[in-house]
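Beneath this line is the structure, given in structure tokens, with notes to follow.
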Amino acid sequence: MGSTSGHTDEGFGRRDLIKRSAAVGLISVPTMSFLASCASSDSGADNKVEKGEKTAKNPLGVNDSAPLEVVIFDGGFGTEYAEDAKAVYEKTYTKVTVKFRATQKIQSELQPRFNGGTPPDLIDNSGAEQMDMGVLVGKKQLTDLTPLLDAPSIDDPKKKVRDTLRPGVVEMGQFDGEPVWIMYYAYTVYGVWYSQTALEKLDAEYPETWDDMLALCAKAKKKGIAGWTYAGKHPYYIPFSLYPFIGKIGGREVLDAIDNLEPNAWKHPAVKAAFEAYYELFKKGYILKGTPGLDHIQSQTAWNEGKALFIPNGSWVENEAKKTTPKNFEMRVSAPSSLDSSDKLPFGTMWASGGEPFIVPAKAKNPDGGMEQLRIMLSEASSKNFTQQVASLTSYDGGTDGLTMPPGLTSAIAALEKAGDNVLNPRIQDWYVALQKEKIGVAGLGEMMAGRLTPAEAIKKIQGFADEAAKDSSIKHYKHQ
């Protein structure tokens, strides 16, 4: 299988061919940092409710008669799990009125309230309109959640909440030093999702090498089936399989350099190799026609209908796509295929990390109530309820005993076990949301996968975006410690 560099059969291996791409340069593109003005407002600073009495049952000192306002992103996980946790809060604090609202327009609806100093007490900051966490942290707009983490857990008062969480969850909420600004509630497994039934119809198994991937896509194409589709209108979904592919090829230090906005990080041979490999899918006609015009729901529906074998996604997809998923679909997820035998990390290396970021604004009227609602959500009962409802894990380390889990989630747990210590956690999507989504995703990867940029051109463009962000003094910068 040749690469797309223009040399197809000269005695070189895939990696040698890929390395022959043209030199990449730099371009400058203005960056956007929404919420940059948030810190200028002082209104609402003295509107905190009075603290309640701290007791064994109320370790955070919640005011048991103060209103609580919660805003939840209405996306792949729905809102029922959060409404159930709200009911527990109301049962615990019977004098309280909880104002609960769901929306998909997090930024456009809540940015004015941040600017005015009147944000809700707890926000599920997720979705296409996710507020930039790096900006929020940099502008001191969030409450440090350390009191929540150091509070006794609901299930075992001898354990702190932090001691009940999956590895890496606390660290994800830290941006610079010890404070923890974000509680990632879901635990998401990212990768290449597929139907086991569809593969069996082709007498195939999941391809563990890229040559096998291309061969399977060619076989599918002869049957009128595309190899891949993706959320073309939201191409920042592509990294869900591309980033761990890069990390597998070159090691986790390549992803760390990208996160750190280091000079020439995107010029690393592992990045070039991964981009060239993915570009082959386009060049060989293995992408479902019309994919660049599909949103996440439309691409998932096409995948469910058997029009494409593979889709890059996260473990929320099983719940989000359940209305269109056939009963015999047998949803599965796998780590990216290997490029070749010289990859730094073994097959099975994948991306898994906290997802669904919950925040308590610094100017929330009832921050203790917001943290208490999270403490309730991080109980075993709430965790099991979430898993049963949406077929996804939570950051609570456990909560699956005795549950009958659907095939996708069962597969995700098995993939985590296979990965072992080879679980990657790119941070660029947390630290620089606008850079990741609007520039790397839409203007870079989206254009490449639609065939409007070559891999070399995409790398040049993305490196320019990263360099511009690194030089932008209005952006708070973060690095792996």
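Just so it is clear, the model here is predicted, and its values are computed rather than measured. Basis for what follows: all heavy atoms, side chains included, without hydrogens, waters or symmetry-related copies.
- The structure places OG1 of Thr454 at 8.5 Å from CD1 of Ile459, a figure rounded to the nearest 0.5 Å.
- Proximity of a side-chain donor or acceptor of Asn319 to a complementary backbone N or O of Gly76 within less than 3.5 Å is detected.
- The closest donor-acceptor contact from the side chain of Ser382 to the backbone of Leu378 lies at 3.5 Å or more, if one exists at all.
- With hydrogens and angles disregarded, a donor-acceptor distance shorter than 3.5 Å links the side chain of Tyr432 to the backbone of Tyr478.
- Note that OG of Ser153 is 11.5 Å distant from NZ of Lys160, once rounded to the nearest 0.5 Å.
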Subject >> Trace of the side-chain contact (heavy atoms from CB on, under 4.5 Å) decision for Glu356 with Asp124 >> reply: CA-CA 7 Å; Glu356 218 64 19; Asp124 175 12; 2.9 Å; yes
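- In this structure, Met133 CE and Leu142 CG are separated by 9.0 Å, a value rounded to the nearest 0.5 Å.
- A donor-acceptor contact shorter than 3.5 Å is absent between the side chain of His268 and the backbone of Leu255.
- Salt bridge status for Glu468 with Lys439: absent, with no side-chain N to carboxylate O gap under 4.0 Å.
- More than 12 heavy atoms of other shown residues, nucleotides or ligands fall within 6.0 angstrom of atom CG in Asn328.
- Side-chain atoms of Gln373 come within 3.5 Å of backbone atoms of Ala85 as a donor-acceptor pair (strictly under, hydrogens ignored).
- When all heavy atoms of Leu309 and Trp303 are compared, the closest pair comes out as O-NE1, 3.2 Å.
- A donor-acceptor pair shorter than 3.5 Å can be found between the side chains of Thr325 and Asn304.
- Pro357 has its side chain within reach of Ser126: a pair of non-hydrogen atoms, C-beta onward, lies under 4.5 Å apart.
- How far CH2 of Trp181 is from CG of Leu145: 8.5 Å, rounded to the nearest 0.5 Å.
- For the residue pair Glu171/Asn425, the side-chain donor-acceptor check at 3.5 Å is not satisfied.
- With ring centers used as reference points, Trp316 lies under 6.0 Å from Phe240.
- Checked against Gln300 for a side-chain hydrogen bond (donor to acceptor under 3.5 Å, both in side chains), the options Asn313, Thr229, Thr324 give a single hit: Asn313.
- Of the possible donor and acceptor atoms, one in the side chain of Thr387 sits under 3.5 Å from a partner among the backbone N and O of Ser392.
- Between the Ser395 side chain and the Leu165 main chain, no donor and acceptor come within less than 3.5 Å of each other.
- The pair Glu380-Lys384 counts as a salt bridge, with a side-chain nitrogen and a carboxylate oxygen less than 4.0 angstrom apart.
- Atom CD in Glu109 sits 7.5 Å away from atom CD1 in Ile106 (nearest 0.5 Å).
- Between Glu447 and Lys461, none of the side-chain N atoms (NZ, or NE/NH1/NH2) sits under 4.0 Å from a carboxylate O, so this pair counts as no salt bridge.
- Nearest heavy atom pair, residue Leu453 against residue Ala443, reads CD1-O, 3.8 Å.
- Using a 4.5 Å cut-off on side-chain heavy atoms (C-beta onward), Tyr236 and Ile440 make no contact.
- A donor-acceptor contact closer than 3.5 angstrom links the side chains of Asp467 and Gln463.
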**OP:** Decide side chain to side chain donor-acceptor pair (under 3.5 Å) for Ser108 and Glu129; before the verdict, give the C-alpha distance in whole Å, the side-chain angles of both, and the deciding distance to 0.1 Å.
**Re:** CA-CA 7 Å; Ser108 58; Glu129 283 205 23; 2.9 Å; yes
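- Listed by first and then second residue, the salt bridge (Lys or Arg N to Asp or Glu O under 4.0 Å) pairs involving residues 294-307 are Glu305-Lys307 (not counting sequence neighbours).
- The only member of Tyr278, Tyr279, Phe347 that meets ring-ring contact (aromatic ring centres under 6.0 Å, His included) when paired with Trp210 is Tyr278.
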**OP:** Kindly determine whether Thr394 and Tyr185 satisfy side-chain contact (heavy atoms from CB on, under 4.5 Å), including the steps that lead there.
**Re:** CA-CA 6 Å; Thr394 73; Tyr185 185 62; 4.0 Å; yes
**OP:** Just do the side-chain contact (heavy atoms from CB on, under 4.5 Å) check on Cys217 and Trp228 with the steps written out, would you?
**Re:** CA-CA 8 Å; Cys217 288; Trp228 285 62; 3.9 Å; yes
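- A distance-only check finds a donor-acceptor pair linking the side chain of Asn260 to the backbone of His480 [under 3.5 Å].
- For Glu205, the CD atom counts as loosely surrounded, since its 6.0 Å shell holds 12 or fewer non-hydrogen atoms of other residues, nucleotides or ligands.
- Taking the six-membered ring where the residue is Trp, the centroids of Phe77 and Phe386 are separated by under 6.0 Å.
- A pairwise comparison of heavy atoms in Val433 and Asp132 identifies N-OD2, 3.5 Å as the closest pair.
- Across all their heavy atoms, Trp193 and Ser315 have their closest contact at CZ2-CA, 3.4 Å.
- For the pair Leu199/Arg332, no side-chain contact is recorded, criterion being any heavy-atom separation below 4.5 Å from C-beta on.
- Screening residues 212-225 for side-chain hydrogen bond (donor to acceptor under 3.5 Å, both in side chains) gives Thr209-Asp212 as the qualifying pairs, with residues at least two apart or on separate chains.
- The side-chain heavy atoms of Lys476 and Val137, taken from C-beta on, include no pair separated by under 4.5 Å.
- With rounding to the nearest 0.5 Å, the separation of CG in Asp421 from CG in Leu345 is 11.0 Å.
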**OP:** Evaluate the side-chain contact (heavy atoms from CB on, under 4.5 Å) criterion for residues Val271 and Ile258: first the C-alpha distance (whole Å), next the side-chain angles of each, then the deciding distance (0.1 Å), finally the verdict.
**Re:** CA-CA 10 Å; Val271 177; Ile258 288 172; 4.1 Å; yes
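- The minimum heavy-atom distance between Ser338 and Asp343, with the atom names listed, is CA-OD2, 3.4 Å.
- Closest approach of Ala204 to Leu216, counting heavy atoms only: CB-CD1, 3.5 Å.
- Looking only at atom types and distance, the side chain of Ser342 has a donor-acceptor partner in the side chain of Asp340 under 3.5 Å away.
- You'll find the ring centres of Tyr230 and Tyr237 outside the 6.0 Å limit.
- In this structure, the side chain of Tyr396 does not engage the main chain of Ala381 through any donor-acceptor pair within 3.5 Å.
- More than 12 heavy atoms of other shown residues, nucleotides or ligands fall within 6.0 angstrom of atom NZ in Lys479.
- One N or O on the side chain of Asp259 and one on the backbone of Arg427 form a donor-acceptor pair closer than 3.5 Å.
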